[in-house]
Amino acid sequence: MRRAVCPGSFDPITNGHLDIIARASKLYDVVHVAVMINQSKKGLFEIEERIELIRQVTADFGNVEVEAFHGLLVDFCKQRDIPAIVKGLRAVSDFDYELQMAQMNIGLSGVETLFVPTNPTYSFLSSSLVKEVAAWGGDVSHLVPPLVHTKLTERLAGGRPAS
């Protein structure tokens with residue numbers, strides 16, 4: 001069985017993330033979406049909320065499993081017998097950092113990293129930018145799945161600031 005992981009913080013998941021996950025799901029039998037736990041950073045959505053949102057917006061793919069992880073991604077991969085990491089690249093600046101990570105990961109564990117160029121429609125998109133624009137009242141409905149847009153709007157209306 002061909003398995004891969006798409007890691008990230010997904011706070012919140014965007015259409016750019018969803019595009020990479022969808023494309024990976026066509027190439028692999030099982031795609032694990034690993035939601036990173038960074039205890040030093042307070043997200044807009046709790047980890048459990050992110051996991052549930054991702055499960056709902058990827059349900060139609062049929063081969064996506066979503067769970068949290070803390071620690072080294074290569075340990076997550078080894079524990080689940082996942083030989084490949086799939087990462088989306090938006091720009092050359094992403095490549096510089098991601099190449100270093102890929103080289104470290106293969107050196108640590110033999111886990112390969114595959115880079116998928118982002119759909120040009122989403123080349124500028126990040127969760128941080130979505131949260132910032134939404135916090136200022138900008139329309140981000142075309143940048144996130146409808147369910148995520150609803151939850152984002154509700155969360156920001158509740159007065160909790162975007163991080």
Side-chain angles (χ1 to χ4, degrees), residues 4-28 31-61 64-73 76 84-105 113-163:
V5 63
C6 291
S9 58
F10 306 104
D11 186 35
I13 188 169
T14 68
N15 288 340
H17 294 131
L18 200 54
D19 177 60
I20 298 298
I21 295 166
R23 290 160 66 193
S25 77
K26 293 176 185 172
L27 300 172
Y28 291 93
V31 174
H32 296 261
V33 175
V35 181
M36 180 178 67
I37 298 171
N38 183 345
Q39 294 171 332
S40 65
K41 188 175 177 182
K42 182 65 176 164
L44 182 62
F45 293 97
E46 298 296 328
I47 295 295
E48 297 76 21
E49 292 175 300
R50 294 181 217 174
I51 289 170
E52 186 54 32
L53 286 171
I54 297 166
R55 282 184 179 145
Q56 289 183 44
V57 301
T58 61
D60 289 345
F61 301 155
V64 174
E65 297 181 9
V66 187
E67 61 186 296
F69 87 92
H70 178 2
L72 294 176
L73 181 58
F76 178 92
I85 300 166
V86 176
K87 301 285 294 208
L89 293 179
R90 294 173 292 198
V92 173
S93 57
D94 284 350
F95 180 75
D96 290 338
Y97 173 76
E98 295 297 347
L99 179 62
Q100 292 174 24
M101 292 298 298
Q103 291 169 331
M104 179 63 77
N105 288 340
T113 301
L114 293 113
F115 298 122
V116 178
T118 300
N119 179 323
T121 303
Y122 308 122
S123 64
F124 66 93
L125 189 55
S126 71
S127 294
S128 298
L129 188 56
V130 165
K131 289 186 290 191
E132 185 174 348
V133 170
W136 286 101
D139 180 13
V140 296
S141 61
H142 60 293
L143 304 176
V144 295
L147 173 64
V148 174
H149 183 256
T150 299
K151 297 292 185 184
L152 180 61
T153 302
E154 289 170 359
R155 178 61 44 91
L156 293 173
R160 187 168 168 195
S163 56

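Computed from a predicted model, the values in this text were never measured in an experiment.
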Legend entry - F61 vs L18, side-chain contact (heavy atoms from CB on, under 4.5 Å): CA-CA, chis, key distance, verdict: CA-CA 11 Å; F61 301 155; L18 200 54; 4.0 Å; yes
With rounding to the nearest 0.5 Å, note down the distance linking [atom1] in [X] to [atom2] in [Y].
X: N119; Y: N15; atom1: CG; atom2: CG; value: 10.0 Å
X: I13; Y: I54; atom1: CD1; atom2: CD1; value: 4.5 Å
X: T113; Y: M101; atom1: OG1; atom2: CE; value: 8.5 Å
X: F45; Y: E52; atom1: CZ; atom2: CD; value: 13.0 Å

Inset, instruction - Please say which of H17, R23, R90 ends up in a side-chain contact (heavy atoms from CB on, under 4.5 Å) with T118. - result: R90
Got [X] and [Y] here, is their nearest side-chain heavy-atom distance under 4.5 Å?
X: E154; Y: K151; result: yes
X: Y28; Y: L114; result: yes
X: F124; Y: L143; result: yes
X: V31; Y: V86; result: no

Where do [X] and [Y] come nearest, in terms of heavy atoms and distance?
X: S9; Y: V35; answer: O-CG1, 3.8 Å
X: I85; Y: N105; answer: CD1-ND2, 3.5 Å
X: D11; Y: G43; answer: OD2-CA, 3.1 Å
X: I47; Y: A68; answer: CG2-CB, 3.7 Å
X: T14; Y: V144; answer: CA-CG1, 4.1 Å
X: F95; Y: L89; answer: CD1-CD1, 3.8 Å

Legend entry - Parallel, tilted or perpendicular, as decided by the 30° and 60° cut-offs, for the rings of F76 and F69: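 If you compare the ring of F69 with that of F76, the planes turn out tilted.
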N/O donor-acceptor pair under 3.5 Å between [X] side chain and [Y] backbone:
X: S126; Y: L129; answer: yes
X: K87; Y: D94; answer: no
X: S127; Y: P12; answer: yes

Inset, instruction - Report, as yes or no, whether the 6.0 Å neighbourhood of atom CG on D60 holds more than 12 heavy atoms from other residues, nucleotides or ligands. - result: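 No - once you tally the heavy atoms of other residues, nucleotides and ligands closer than 6.0 Å, there are 12 at most.
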Inset, instruction - Go through V66 and F10 one step at a time and tell me if the side-chain contact (heavy atoms from CB on, under 4.5 Å) criterion holds. - result: CA-CA 11 Å; V66 187; F10 306 104; over 6 Å; no
